Structure formats: structure tokens, C-alpha cells
Amino acid sequence: MSGPLYRGASGIRISGNSNDLGDSQMKDKTEREDLDRNRSSDQSYLALRFPFRVFFPDNNSPSKYGNGESGFASDPFIVGSPRSRHKLTLLLLKLSLALIVILALMGSLWWTISISTMSRGQIVHNYRRLREQLVSDLWDIGELSLGSSRLQEFEFCSEESENYAPCFNVSENLALGYSDGSENTRLCGQSSRQSCLVLPPVNYRVPPRWPTGRDVIWVANVKITAQEVLSSGSLTKRMMMLDEEQISFRSVSPMFDGVEDYSHQIAEMIGLRNESNFVQAGVRTILDIGCGYGSFGAHLFSKQLITMCIANYEPSGSQVQLTLERGLPAMIGSFNSNQLPYPSLSFDMLHCARCGIDWDLKDGYFLIEADRVLKPGGYFVWTSPLTNARNKENQKRWNFVQDFAENLCWEMLSQQDETAVWKKTSKRSCYSSRKPGAGPSTCNKGHDVESPYYRPLQGCIAGTQSRRWIPIQEKTTWPSRSHLNKTELAIYGLHPEDFSEDAENWKTTVTNYWSVLSPIIFSDHPKRPGEEDPSPPYNMFRNVLDMNAHFGGFNSALLEAGKSVWVMNVVPTSGANYLPLILDRGFVGVLHDWCEPFPTYPRSYDLVHAEGLLTLQTHQQRRCTVLDLFTEIDRVLRPEGWVIIRDTAPVVESARMLTTRLKWDARVIEIESNSDDRLLICQKPFFKRQGVSS
């Protein structure tokens with residue numbers, strides 16, 4: 001008899017006589033006993049098939065053989081009923097949960113083991129890839145927000161911008177109330193940014209290659225009048241005009257002999273045989289204040305010395321502009337109200353030949369700033385009629401300078417004619433041994449900022465607490481000085497292995513750069529307007545701007561490769577500050593915020609190099625865009641100048657799209673098959689302003 005017969009009342013058969021009823025009851029009893037035995041057997045079988053029932057009991061179920069809704073005992077594992085299917089589903093969910101927990105624990109254990117065994121390089125590499133992709137995505141979002149204007153080319157600026165340096169607006173500063181020299185103060189704001197391309201003057205010509213360009217420049221390339229040339233009477237400004245097109249600084253003139261005699265005189269006043277011995281005396285870097293037109297630095301360059309010229313912004317007859325045009329280091333800088341963007345203890349010598357600085361003014365603050373950037377044991381050279389003062393007023397001023405210099409722990413070595421030479425103390429104990437109240441005090445740690453960025457002039461002596469206080473006479477001489485030893489590297493928290501690896505990488509990089517650029521320049525050189533294709537130049541570059549200099553490795557590799565270049569090593573304010581290290585290696589450089597215009601004139605550099613700068617700038621708060629940065633590069637780059645940008649592939653590809661707005665010729669080059677970096681090689685075309693040639 002089938003099972004369902006015993007599960008409902010409708011299954012009961014009622015017979016017509018009593019015997020049938022008795023027989024039916026007896027038969028019922030027998031079949032119930034058989035069913036109980038079968039159910040017991042089924043439950044034992046199900047207990048084996050579902051062992052987790054012991055661990056996950058059903059709290060809502062009745063006793064083992066509770067009555068169902070029909071009044072008969074119900075079996076919770078009879079698949080046919082809806083309730084049993086529901087319970088089975090819950091059980092499977094619980095089993096799945098337990099399995100997930102077990103797998104999660106095993107996965108966590110495996111991940112921990114894999115992280116502990118993975119190399120640090122792999123971890124950094126993977127993190128870098130994720131970070132770079134995020135940067136690229138954010139950049140793309142920002143650039144896409146520009147809409148269709150992103151593809152529009154920039155217009156050319158008006159003629160007034162040909163020689164204009166942003167952030168140096170003397171007339172505007174005078175209107176704001178600045179005076180007594182402070183009108184030359186550098187003030188940058190949103191109005192300092194240009195959204196146009198600066199064209200060269202009408203008769204501009206590509207400068208002669210080095211070393212010819214050191215002695216001859218084209219008059220049309222700079223803003224200077226014949227009257228300014230003839231009236232420049234100071235020693236380092238003297239020059240002669242050969243014809244209407246050129247200004248010559250050649251050594252055949254008596255003027256250059258004057259510079260040579262002058263530098264020889266300084267060497268003798270220090271106690272040296274001649275200027276060729278400056279290097280042996282520990283001198284390598286010189287800050288030339290009010291440098292004239294760079295003749296002092298041009299002469300000393302052949303003696304393995306590098307001179308950085310600084311002077312105020314000048315709308316015409318600029319010392320900085322002419323010095324850069326000659327292929328010599330220079331930048332706009334002023335002592336008037338703010339500290340220079342150099343670290344303390346930066347230069348081996350400071351030189352001022354009729355530089356226009358009144359050192360006796362502002363209670364000696366100018367002398368304090370000169371002391372800050374001068375290395376221990378370094379030299380301060382001043383040439384001025386004031387040193388030979390005859391009238392009472394000038395004698396008073398000269399006495400103030402002498403007394404103040406003594407209180408700065410400067411020792412006067414010699415005075416001849418109009419030139420005086422001091423030597424800064426090599427001993428920190430000098431400051432504590434002074435008479436009480438004599439001269440300015442030393443700065444405390446809160447005010448002794450090693451690398452200030454245009455901070456107001458301070459009235460205390462800085463650098464005395466620096467770990468870099470090492471007299472120049474105790475340093476290794478140039479060129480060995482560029483290879484810092486283990487003790488020197490420890491000052492900057494660097495390991496010799498890291499420093500050596502960086503140097504080797506840059507040697508390879510420079511070789512690769514030249515192998516890429518040489519065929520482009522020599523065989524694919526653009527035709528200049530109105531001229532035949534030029535022959536390959538004697539030297540491809542002279543003035544180089546490294547926008548993110550790191551340790552100065554690019555500069556070092558260029559010199560070791562025998563390239564006749566000088567490099568302006570720029571350390572961004574948004575990154576790690578290794579500018580003290582760069583200067584201690586015997587290079588020149590400056591601290592700069594790339595959201596502001598660089599302190600120079602248009603058309604200053606032959607090559608602009610930026611390694612990792614775009615990624616660095618994108619990580620920072622978006623005070624400016626990459627397009628702002630490219631516009632500034634275009635301003636400081638000479639016509640037919642080159643740009644090398646090295647960065648990650650996504651960043652370089654995004655940057656390439658922006659170059660069309662600046663009318664640059666650009667191409668992306670893969671460095672190595674296993675490298676994530678790419679090169680963006682760009683050239684600025686030579687566009688001429690329409691005008692009548694004279």
C-alpha cells in the first residue's frame with residue numbers, strides 16, 4: 001500500500017461489516033510497525049548524508065517525531081514538502097558561509113606569506129604603477145574639463161612682451177608704494193601668468209654656438225640701445241660695437257685685458273699666484289652681484305670656475321639678459337628686501353664690482369645676507385670708489401662697512417686701489433668670542449632656515465648651526481668635489497650606493513639623449529625663415545635648464561661626457577630639497593615654485609629638461625595646470641630650442657596632446673622595452689614677427 005494512504009483522513013477505508021473492520025485494524029497495526037522500522041532506517045541514512053545537522057540544529061522544529069499539520073508525525077528531511085526544502089536551503093547557505101570564512105582565512109594567510117617573501121622592489125613597483133595610473137586618470141579628467149578650448153592653439157603675445165620678465169613690474173610696484181630700491185621686489189600673482197606665446201624681435205637671429213657666442217652677440221637679440229652701450233663705463237660692462245648687427249666682447253680689446261688684470265689682482269690679494277690657483281684655494285662657485293655683462297665670469301670660466309650673475313630686473317640694457325645671451329649663468333635677483341632663493345652656505349666667493357649695492361644701508365642687512373650665502377672660509381670681494389673715500393661722508397660709510405664686516409667675523413685680507421677682499425671665518429667659535437652686543441647675533445633654530453624662498457631679509461647670522469659648516473679649504477678641490485664621499489653624503493641622508501647608482505643611470509641617460517637628438521638635429525633640422533638649412537652646429541646646446549634636478553646627476557653626466565654646457569639646476573619647492581647638495585658639489589642652482597614664472601627673460605635657454613616633474617606637479621595641489629607650465633617653458637626657450645620631458649607613459653601621452661597648443665613639434669620615444677617611462681622630445685619652431693627688417 002502506498003505511503004500517502006496513511007497521511008490523510010481521506011485515505012481511511014470504512015468497511016460495511018465488523019469483521020472487515022477488525023481485519024482492517026489488525027492490518028493497520030502491522031503496517032504501522034513496518035513503517036516505523038522503515039522511518040528509523042531512513043533517519044539513520046539521512047544522519048550520515050547530513051552530518052552538519054548536529055552543528056546546525058533547527059530550533060524551530062518540533063520533537064523528533066512531532067505531528068504535522070495533518071496530525072501525523074512529519075519527517076524534516078522528506079524532500080517532497082515545501083518546509084523541508086526551505087530548511088535544506090538554509091542549511092546549504094550556512095555551509096556556504098562556513099566555506100567562505102575558511103577560504104578567507106586561508107587567502108589572508110597566503111597573502112601575508114607572499115608579501116613577506118616579495119621583494120621590496122616589486123612592492124614599490126606595483127604601488128608606483130597604481131599611483132601613476134591614478135595620476136593619469138586625474139590629469140585626464142582635468143584636461144577634459146577644458147573642453148574644445150584644449151585643442152585651440154595659443155595666440156602670439158604683443159610686442160611689449162618680447163623682453164618682459166613676469167613678477168618684476170617696477171612701475172606697478174612704485175604705484176603700490178614701494179621705494180628706495182624695494183620697487184625691484186619680485187611679486188608674483190595670477191596676473192603674472194601669460195596665456196600667449198612670446199615672439200622674438202623682428203630681426204632676431206639664432207645665437208652663434210659656443211664658444212663664439214661668448215664673445216659676439218647679435219644686437220637685435222637683446223634690448224639695448226647704442227647709448228646704453230657707450231655709456232656703460234664700469235669695468236665689467238665695457239664693450240665695443242663692431243658694426244650695426246653685433247656687439248663684441250673679444251679679448252683683442254684693452255678692455256678684456258683689464259678684466260684679466262683685475263682677476264689676477266684679486267688672486268694676489270688672497271695670497272695666490274694668479275687666478276688659475278683659485279681652484280686649489282677651494283674656490284669653484286662665485287656669486288657675481290651686478291655682474292655687468294658677464295665679462296668677469298666669462299674670463300674665469302676657462303679656469304674651471306663657474307660664476308652665477310644676479311642683477312635687478314632692467315627693462316632695457318639688462319645685465320642678466322646680455323650675460324645669458326653670451327652663454328653664461330645668470331638670473332634676476334635682488335638684495336633689496338628679500339633673501340635670495342639659495343640655501344645658506346652656498347658660494348665660495350661673492351663678487352661685487354660697482355654693483356650698485358649700498359652695503360652700509362638698512363643697518364647692514366645686505367651684508368648679513370651676503371654672509372648667509374657665503375661658505376665658511378669663503379671670500380667677499382668688493383670694488384667701489386667708496387673704499388678710497390676722500391670726503392667725510394663717504395669715509396663714514398666706508399668705516400661702517402669695515403666695522404660691520406669685522407663683527408660678522410670677516411677678516412680683511414687686503415685693500416688695493418678700489419678693491420677690498422675679506423675672508424669669512426672658518427670657526428664657529430668666533431661668534432661667541434665677540435664682545436657682548438658687538439654685531440648681529442646668530443639665528444636660533446626657528447629663524448635659521450637653510451633654504452628660504454624669498455623670505456624677508458633677516459637681522460641675524462644664519463648657517464652657524466648647519467651640518468654643512470665645512471670650510472672651503474677643507475673640501476676636496478674641483479672636479480673631485482662633485483663626487484661626494486660617504487661622510488658628506490651622510491649629511492643629506494644618502495647612501496653611497498644610491499648616489500653611485502644615480503650617477504651611473506644619468507651617464508647612460510645622457511648617452512641615450514645624444515643618440516636620439518643628434519640625428520634629429522643634424523638630419524631633420526627645420527629650415528629657418530628666409531635662410532638655407534644650417535650646417536651641423538659646433539655644439540648643440542650651451543644654456544641648459546634642468547627643471548627637477550634631484551641630486552644634480554644630469555649636470556654631472558653632461559660634464560663628464562665632455563659637453564660644453566652649463567646647467568641651471570632647479571629644485572622645485574614641491575619636492576625634496578637637494579639644492580644644498582647640488583651647490584656643495586660645485587654646481588649652480590636655485591629653489592623655485594613652478595607655479596610661478598622663472599626669474600629670467602624670454603629666450604634664455606637652448607635646452608629645457610624635466611625628469612619626473614609632471615608627475616610631481618600633478619601630485620601637488622592644483623594651483624596651476626600643466627599647460628601653465630608648458631607656456632612658461634615656451635617663454636624661456638629660445639627659437640629652435642629643445643625640450644626633453646621624461647615621465648611615465650600615461651603622463652607623457654597626455655602631455656603630448658598639449659604641445660599642439662604651443663605649436664611645438666613633438667614626438668614620443670620609448671626608452672627601453674622593459675621601462676614604464678617615455679621621452680617627449682619637442683622643438684620650439686622659429687616664428688618671426690611680421691615687420692620691416694632694418
Side-chain angles (χ1 to χ4, degrees), residues 143 146-169 188-207 218 220-223 313 315 318 320-321 324-325 332 525-531 541 543-545 547 592 594-610 613-614 617 624-645 654-667 680-691 693:
E143 297 300 335
L146 296 176
S148 59
S149 63
R150 182 171 183 254
L151 302 177
Q152 296 177 0
E153 291 186 347
F154 277 127
E155 299 294 330
F156 292 115
C157 301
S158 63
E159 189 174 351
E160 289 73 20
S161 299
E162 285 180 357
N163 300 285
Y164 174 62
C167 302
F168 297 95
N169 194 324
C188 293
Q190 291 292 334
S191 59
S192 301
R193 296 177 185 169
Q194 291 181 304
S195 57
C196 56
L197 306 180
V198 179
L199 278 175
V202 172
N203 296 320
Y204 181 87
R205 298 173 66 179
V206 173
W218 303 113
N221 289 10
V222 295
K223 189 174 183 180
Y313 168 75
S318 166
V320 170
Q321 188 181 44
L324 286 165
E325 190 69 19
I332 303 172
H525 199 288
K527 185 176 180 180
R528 296 172 183 164
E531 298 181 7
F541 312 114
N543 298 0
V544 178
L545 176 66
M547 301 178 71
H592 184 66
W594 280 117
C595 282
E596 300 173 354
F598 194 68
T600 192
Y601 293 85
R603 307 175 302 280
S604 294
Y605 293 95
D606 303 302
L607 170 66
V608 175
H609 176 259
L613 179 66
L614 301 187
Q617 289 295 106
C624 57
T625 66
V626 176
L627 194 57
D628 293 330
L629 190 65
F630 277 17
T631 308
E632 177 62 8
I633 292 175
D634 185 86
R635 184 184 73 87
V636 304
L637 191 63
R638 288 173 172 171
E640 296 188 6
W642 294 86
V643 181
I644 301 178
I645 294 175
S654 298
R656 183 185 186 180
M657 299 176 66
L658 298 177
T659 60
T660 58
R661 297 198 63 186
L662 295 101
K663 314 178 195 294
W664 291 353
D665 299 323
R667 65 192 77 187
L680 179 61
I681 307 291
C682 308
Q683 186 178 31
K684 176 181 176 178
F686 187 174
F687 293 107
K688 277 196 171 184
R689 186 181 299 280
Q690 299 299 319
S693 300

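Just so you know, residue 1 is the first one in the sequence shown, and it goes up from there. Remember, it's a predicted structure, so these values are computed and weren't measured experimentally.
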On a heavy-atom basis, which atom in Asn543 and which in Leu324 lie closest, and how many Å separate them? ND2-O, 3.0 Å
Using the salt bridge (Lys or Arg N to Asp or Glu O under 4.0 Å) rule, collect all pairs that involve residues 158-169, keeping only residues at least two apart or in two chains. Glu162-Arg689
Please tell me if the side chains of Arg603 and Pro207 come closer than 4.5 Å, counting only heavy atoms from C-beta onward. no
Identify the two heavy atoms, one from Val608 and one from Val636, that lie closest to each other, and give their separation to 0.1 Å. CG2-CG2, 4.5 Å
Less than 4.5 Å apart, side chain to side chain, heavy atoms only: is that true for Ser195 and Phe154? yes
Looking at residues at least two apart in the chain, or sitting in another chain, which of them share a side-chain hydrogen bond (donor to acceptor under 3.5 Å, both in side chains) with Glu632? Arg635
Distance col, row Gln194:CD vs Cys157:SG, nearest 0.5 angstrom, shows 4.5 Å
First locate atom OG of Ser318, then atom CZ of Phe168, and finally report the distance between them rounded to the nearest 0.5 Å. 10.5 Å
Trace of the side chain to side chain contact (heavy atoms under 4.5 Å, CB included) decision for Arg667 with Gln683: CA-CA 9 Å; Arg667 65 192 77 187; Gln683 186 178 31; over 6 Å; no
For the atom pair CD (Gln321) and CG (Asn163), what is the distance rounded to the nearest 0.5 Å? 4.5 Å
Parallel, tilted or perpendicular: which fits the ring planes of Tyr601 and Tyr313, with parallel below 30° and perpendicular above 60°? parallel
Taking every non-hydrogen atom, the tightest pair across Phe156 and Cys196: C-CB, 4.1 Å
Return the minimal non-hydrogen interatomic distance between Thr660 and Glu153, and the atom names on each side. O-CG, 3.3 Å
Could you check if a side-chain atom of Cys188 sits within less than 4.5 angstrom of a side-chain atom of Pro597, using non-hydrogen atoms only? yes
Taking the side chain from Gln617 and the backbone from Val626, do they hold a donor-acceptor pair closer than 3.5 Å? no
Contact summary for Val198 and Lys684, nearest pair of heavy atoms: O-NZ, 4.2 Å
What residue among Val643, Leu614, Thr659, Ile644 forms side-chain contact (heavy atoms from CB on, under 4.5 Å) with Leu680? Thr659
Asn221 side chain vs Val206 backbone, donor-acceptor pair below 3.5 Å: no
Exercise: identify the closest heavy-atom pair between Val544 and Phe541: CG2-CB, 4.4 Å
How many angstroms lie between OG1 in Thr625 and CG in Asp628, if you round to the nearest 0.5 Å? 3.5 Å
Should Trp664 and Asp634 count as side-chain neighbours, where that means a heavy-atom distance under 4.5 Å? yes
Which of parallel (below 30°), tilted (30 to 60°) and perpendicular (above 60°) describes Phe598 and Trp594? parallel
NE2 of His609 to CD1 of Ile633, rounded to nearest 0.5 Å, is 11.5 Å
Check whether any side-chain heavy atom of Leu629 sits under 4.5 Å from a side-chain heavy atom of Leu613, and report yes or no. yes
